[in-house]
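Since the model is a prediction, treat every value here as computed from it, not as a measurement. Throughout, residue positions are numbered sequentially from 1 according to the sequence presented. Counting starts at 1 for both ligands and their atoms, following the listed order.
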Amino acid sequence: MDQKVTELLNDQINKEFYSAYLYLDMANFYAAKGLDGYANWYEIQAKEEQDHAMLFYQYMQNNGQKVTLEAIAKPDKEFKELMDPLKAAYEHEQYVTSLINNIYAAAQEAKDYRTVQFLDWFVKEQGEEETNASDMITKMELFGSDAKGLYMLNSELRSRVYSAPSLVL
Ligand code: FEO
């Protein structure tokens, strides 16, 4: 495999685990505020990010590449208002999309079409993640300033259940 593509794939394992850590910190923030629905949403989000990390890990191994695990950074965002994690999540997903696009471009450049095909699932997934994150902001803007509205939003998010990723390697 191309060295640059391999390095980027390896790096992405770390970035996805960092994403899990970041979302767990958001769950932690909402749990402390008594918003168990929001906490549930971000706990599940954190699990999905661990799945993403494991997909990159498995893909590397399936292709005979040695994985190097680096330290996972401490979540560095400060949350004060209920809206803060929602905006940080949206920005973070836009950043992750740029990382995926970057690997995609490197794989295309290296004519590594197997990796391009593997990444197609992530390109679609990032579209969904950005839409979900942006919807969370819109709903908070529309209903979150009112106690009844916030109660309703929190109840809605409590019903989210975890499901394993649709991509199987
Ligand atoms: Fe693994 Fe939220 O992207």
Side-chain angles (χ1 to χ4, degrees), residues 4-31 35 37-63 65 67-79 82-108 112 114-140 153 156-169:
K4 187 179 172 196
V5 173
T6 310
E7 280 172 12
L8 290 172
L9 288 169
N10 192 83
D11 222 32
Q12 196 62 28
I13 298 172
N14 188 276
K15 304 276 200 237
E16 299 290 346
F17 275 126
Y18 173 77
S19 299
Y21 227 32
L22 180 64
Y23 287 131
L24 196 58
D25 201 30
M26 293 179 183
N28 185 30
F29 169 81
Y30 286 117
L35 289 169
Y38 279 87
N40 173 58
W41 173 276
Y42 283 110
E43 276 176 28
I44 290 172
Q45 200 63 32
K47 281 191 194 141
E48 285 197 356
E49 299 301 348
Q50 290 175 63
D51 289 339
H52 295 171
M54 291 309 292
L55 285 168
F56 281 99
Y57 170 86
Q58 195 62 56
Y59 181 76
M60 289 273 285
Q61 293 205 335
N62 288 359
N63 285 278
Q65 301 300 315
V67 169
T68 307
L69 297 174
E70 304 290 352
I72 301 164
K74 184 179 171 178
D76 61 344
K77 316 246 189 241
E78 271 223 39
F79 309 127
L82 295 182
M83 182 64 100
D84 294 345
L86 308 182
K87 291 203 165 154
Y90 184 47
E91 274 171 31
H92 184 69
E93 286 305 330
Q94 287 177 312
Y95 166 64
V96 174
T97 298
S98 77
L99 295 175
I100 299 290
N101 288 346
N102 203 20
I103 313 173
Y104 202 100
Q108 273 192 325
D112 177 357
R114 191 189 303 151
T115 298
V116 167
Q117 204 171 42
F118 163 70
L119 290 172
D120 276 338
W121 184 87
F122 285 92
V123 171
K124 191 160 166 281
E125 175 76 4
Q126 281 312 120
E128 288 169 16
E129 300 254 281
E130 283 192 37
T131 302
N132 286 340
S134 155
D135 285 353
M136 298 273 282
I137 295 172
T138 307
K139 284 184 177 174
M140 181 63 89
L153 287 176
E156 188 182 302
L157 296 177
R158 200 186 289 133
S159 66
R160 183 183 188 190
V161 289
Y162 167 76
S163 63
S166 54
L167 178 65
V168 179
L169 294 179

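Tested against Glu129, the residues Lys124, Gln45, His92, Gln94 include a single side chain to side chain donor-acceptor pair (under 3.5 Å) partner, Gln45. Of the candidates Phe122, Phe17, Trp121, Phe56 forms a ring-ring contact (aromatic ring centres under 6.0 Å, His included) with just one, namely Phe122.
Residues Gln12 and Glu16 bring a donor and an acceptor atom of their side chains to less than 3.5 Å of each other.
Look at Glu16 and atom 2 (Fe) of ligand 1: no N/O/S atom of the residue is under 2.8 Å from the metal. For atom 2 (Fe) of ligand 1, the set of nearby N, O or S atoms under 2.8 Å includes none belonging to Glu125. Residue side and main chain included, Glu129 places an N/O/S atom under 2.8 Å of atom 2 (Fe) of ligand 1.
One finds no salt bridge joining Lys47 and Glu43 here, because no Lys/Arg side-chain nitrogen approaches an Asp/Glu carboxylate oxygen to under 4.0 Å.
Using a 4.5 Å heavy-atom threshold, the side chains of Lys77 and Phe29 count as separate.
The name of the N, O or S atom in Glu49 nearest to atom 2 (Fe) of ligand 1 is OE2. Atom 1 (Fe) of ligand 1 is closest to atom ND1 of His52 (considering only N, O or S atoms). Residue Glu93 approaches atom 2 (Fe) of ligand 1 most closely through its N/O/S atom OE2.
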